[in-house]
Amino acid sequence: MKSRPLSSLCCWFAGVAIWAWGTAIAQPTPWPGEASVAVTLSFDLDAETLWWDDPEAMTGPVGPVSQGAYGPGVALPKILGLLARHQLKATFFVPSWVAERYPEAIRSIARGGHELGAHGVKHESPRLLGPAEELNRLRESIAVLERIGGRRPVGYRAPAWDPSPVTLKLV
């Protein structure tokens, strides 16, 4: 069965990155109905972490940082409602700092039957970490998401799409 990738789509909605990937299949498949395209929806629930000037101190411009809180508090319930209305499941990649700050948001993702994926601790680039620190942050991220979301995350997306030379080995 041959497939060809379609274009990917990314857009930002209130501090939540929305990714959609599509693949067209050259031959008919046993998908429901007359479907000929598979789409994967994934969301980066980064909240304030995208606007920090200094992730360690968690500081940055007040306006943009406050916009990050809109994602988990307002945008996420709307997105989850839309997915539920259309009976769609998605993957949400969440830094563990965000999960600890907004635990009810994480529980609502899990209750909706969506996948939680690891996405670092404070959305820091793995390329800027040493291998031991990257492994520690990966473990912390998984543990926090499992504790709050109720099941161990399977998926992983490198923060800032910036994996280190050892990221795949560690994952």
Side-chain angles (χ1 to χ4, degrees), residues 5-23 38-52 55-56 58 60 64-65 67-84 86 88-129 133-171:
L6 298 175
S7 61
S8 64
L9 164 74
C10 176
C11 62
W12 289 93
F13 176 70
V16 180
I18 302 168
W19 291 91
W21 301 92
T23 302
V39 176
T40 300
L41 292 173
S42 64
F43 299 82
D44 290 357
L45 186 60
D46 297 324
E48 294 95 329
T49 65
L50 290 182
W51 288 282
W52 288 333
E56 292 306 314
M58 297 179 287
V65 170
Q67 291 173 18
Y70 185 88
V74 179
L76 179 65
K78 292 176 186 237
I79 291 168
L80 292 173
L82 179 67
L83 293 171
H86 293 282
L88 297 172
K89 299 299 178 198
T91 301
F92 290 81
F93 294 98
V94 185
S96 59
W97 181 90
V98 175
E100 289 181 315
R101 180 154 173 93
Y102 302 99
E104 186 50 40
I106 303 314
R107 288 190 281 273
S108 68
I109 291 168
R111 276 193 308 270
H114 304 285
E115 177 186 17
L116 285 167
H119 196 47
V121 174
K122 294 181 182 175
H123 202 269
E124 61 280 272
S125 168
R127 191 171 287 283
L128 302 177
L129 306 171
E133 185 60 27
E134 183 178 358
L135 180 59
N136 288 339
R137 293 187 188 191
L138 177 63
R139 286 178 174 158
E140 177 183 342
S141 178
I142 290 169
V144 168
L145 290 173
E146 183 174 12
R147 176 175 48 82
I148 296 172
R151 59 181 177 264
R152 186 174 175 82
V154 178
Y156 173 78
R157 178 176 288 156
W161 286 72
D162 195 25
S164 76
V166 298
T167 298
L168 290 178
K169 179 181 173 190
L170 296 176
V171 170

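Note that the structure is a prediction, hence the values are computed from the model and not measured. The basis for the numbers below is simple: all heavy atoms, side chains too, and nothing from hydrogens, waters or symmetry mates.
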For residues 104-115, pull every pair meeting side-chain hydrogen bond (donor to acceptor under 3.5 Å, both in side chains), keeping only residues two or more places apart or in separate chains.
->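 The answer is T91-E115, E104-R107, E104-R111.
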
Salt-bridged, R147 to E100, with N to O below 4.0 Å?
->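 Yes, charged N to carboxylate O under 4.0 Å.
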
Side-chain heavy atoms of [X] within contact of [Y], under 4.5 Å:
X	Y	value
F43	L83	yes
L80	F92	yes
N136	E133	yes
E124	W97	no
I142	Y156	no

What are the two closest non-hydrogen atoms of A118 and F93, and how far apart are they?
->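 Nearest pair, atom of A118 first, then F93: O-CD2, 3.7 Å.
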
Least distance between heavy atoms, A105 atom then L76 atom =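 The pair with the smallest heavy-atom distance is CB-CD2, 3.5 Å.
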
Test item: [X] side-chain N/O and [Y] main-chain N/O as donor-acceptor pair under 3.5 Å:
X	Y	value
H123	L50	no
K89	G112	yes
R127	S164	no

Go through I109 and L45 one step at a time and tell me if the side-chain contact (heavy atoms from CB on, under 4.5 Å) criterion holds.
-> CA-CA 11 Å; I109 291 168; L45 186 60; 4.1 Å; yes

Counting only heavy atoms not in L168, do more than 12 sit closer than 6.0 Å to its CG atom?
->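 No, not enclosed.
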
